[in-house]
Amino acid sequence: MPSPASSPTAGASHTSLVRPRRPERIVRFPASAGGTVEIDLGRTALVVVDMQNDFLHPDGWFPRAGIDTAPALSIVPGMVALATALRRAGAPVIFVNWGVRADVANLSASLLDKGRRGGTRPGYAEPAPSGQGCILVQGDWGAATIDALPVEAGDLVVHKHRYSGFHDNELDSILRGRDVTTLLFAGINTDRCVFATLTDASFRGYDCVLLADLCATVARPGVSDMILELVDLLYGTVATGAALVAALDGTPSASPGPSASPTSQETSR
């Protein structure tokens, strides 16, 4: 008979696989198509897409190419208000930014050509017109979030190299690690990276809310209306950031808990 010292369980340490869960905190606010949408703040995150210098700063890639960024800049105050309210409520704020490799080794020829618009402008990772580094390269000025939309300590920044923020990076792992199941979408462009990221999120089982007043696009009029219709029809719910801020007004702040590590714009996690 084996002695206690040789038993497989002798001296074994206790292993707990129980993950802490935030208390359920339900918030209801109007949906754009009528009725209400209900979310649990304890399992919700705000995903802010592509609010970057190269797209929005006067010296950035898009403005230097003659693209009107006024509609995109008009959504910034509403974004700041919502991000502030969600941070106070304890919900994560995640910035998903283009941040390509300097050698573009993982970008296809077709994607590079789309970025150059057939050779009519400089493209991904080429010297920036501003003279500040290279276009949308991770760690360079153009890939950073605009100053008007501050990335606060505890926020997360994830870099992407496709229109979808979920492709070939750590966004899904970050969300699942925080037990997030509902995503609120804001940013640019409604019909491009916002829509691609939202549809990918839907395919992965996340519940998606597109905040129509906090999204914008440089596409022709009418394109956003079609995207909103498709989201409501197939992929999630359409609402407004203003309605959510109003619903959050007066919501008690979240109890202090384990804080996320501050994340600089030059890192991915």
Side-chain angles (χ1 to χ4, degrees), residues 46-80 82-83 93-104 106-107 110-152 155-165 167 169 171 185-197 211 213-221 223-224 227 263-268:
L46 173 64
V47 177
V48 178
V49 180
D50 289 358
M51 300 297 289
Q52 301 172 249
N53 286 327
D54 261 338
F55 295 130
L56 297 170
H57 191 280
D59 287 331
W61 182 36
F62 270 23
R64 285 290 192 98
I67 295 172
D68 180 15
T69 59
L73 290 170
S74 71
I75 66 178
V76 171
M79 281 185 165
V80 172
L82 179 59
V93 177
I94 303 174
F95 292 82
V96 180
N97 289 357
W98 277 93
V100 304
R101 290 171 56 106
D103 60 6
V104 296
N106 55 356
L107 300 188
S110 60
L111 186 59
L112 291 170
D113 184 65
K114 294 295 184 184
R116 296 187 186 107
R117 285 292 183 266
T120 61
R121 69 184 188 192
Y124 302 115
E126 294 180 7
S130 65
Q132 301 189 68
C134 293
I135 294 169
L136 292 177
V137 167
Q138 183 173 337
D140 282 3
W141 174 84
T145 304
I146 56 173
D147 290 341
L149 188 59
V151 179
E152 302 288 352
D155 293 347
L156 293 154
V157 178
V158 176
H159 292 99
K160 63 186 177 70
H161 49 270
R162 293 293 191 275
Y163 302 114
S164 169
H167 178 77
N169 66 14
L171 179 58
F185 286 90
I188 59 170
N189 284 289
T190 314
D191 54 312
R192 304 178 193 186
C193 293
V194 174
F195 187 53
T197 305
L211 302 173
D213 60 333
L214 301 185
C215 295
T217 183
V218 298
R220 64 184 183 275
V223 170
S224 285
I227 296 301
T263 303
S264 76
Q265 297 201 44
E266 288 71 37
T267 61
S268 297

Legend entry - Shortest non-hydrogen contact between T217 and S224, atoms and distance: CG2-OG, 3.3 Å
Legend entry - Side chain N97, main chain A144, donor-acceptor under 3.5 Å: no
Legend entry - Q138 side chain to H159 backbone, donor-acceptor under 3.5 Å: no
Legend entry - Beyond-backbone contact of M79 with L211, side-chain heavy atoms, under 4.5 angstrom: no
Inset, instruction - Over all heavy atoms of both residues, which pair between R117 and K114 is shortest? Give the atoms and the distance, please. - result: NH1-O, 2.7 Å
Legend entry - Backbone of H167 reached by a side-chain donor or acceptor of R162 within 3.5 Å: no
Inset, instruction - Check whether any side-chain heavy atom of I75 lies under 4.5 Å from a side-chain heavy atom of M51, and answer yes or no. - result: yes
Inset, instruction - For the pair F62 and F55, name the ring-plane relationship: parallel under 30°, tilted 30 to 60°, perpendicular over 60°. - result: perpendicular
Inset, instruction - Give a yes or no answer on whether the side chain of N53 reaches the backbone of G60 with a donor-acceptor pair at less than 3.5 Å. - result: no
Inset, instruction - Measure from the side-chain N and O atoms of D140 to the backbone N and O of G142, and report whether any donor-acceptor pair falls under 3.5 Å. - result: no
Legend entry - Minimum side-chain heavy-atom gap N189-D50 below 4.5 Å: no
Legend entry - Validation row: V80, L149 side chains within 4.5 angstrom (heavy atoms): yes
Legend entry - Minimum heavy-atom distance between L171 and I94, given as atom pair plus value: CD1-CG2, 4.1 Å
Legend entry - L214 and F185, any side-chain heavy atoms less than 4.5 Å apart: no
Inset, instruction - Could you pull out the closest heavy-atom pair between V137 and A125, with the gap in Å? - result: CG2-CA, 3.6 Å
Legend entry - I188 side chain near L56 side chain, heavy-atom distance below 4.5 Å: yes
Legend entry - Check: R116 side chain, Y124 main-chain N or O, donor-acceptor pair, under 3.5 Å: no
Legend entry - Nearest heavy atoms of A143 and G99, plus distance in Å: CB-CA, 4.5 Å
Inset, instruction - State whether the side chain of T190 and the backbone N or O of A216 hold a donor-acceptor pair below 3.5 Å, judged by distance alone. - result: yes
Legend entry - Nearest atoms (heavy-atom pairs only) where P122 meets I135: CB-CD1, 3.8 Å
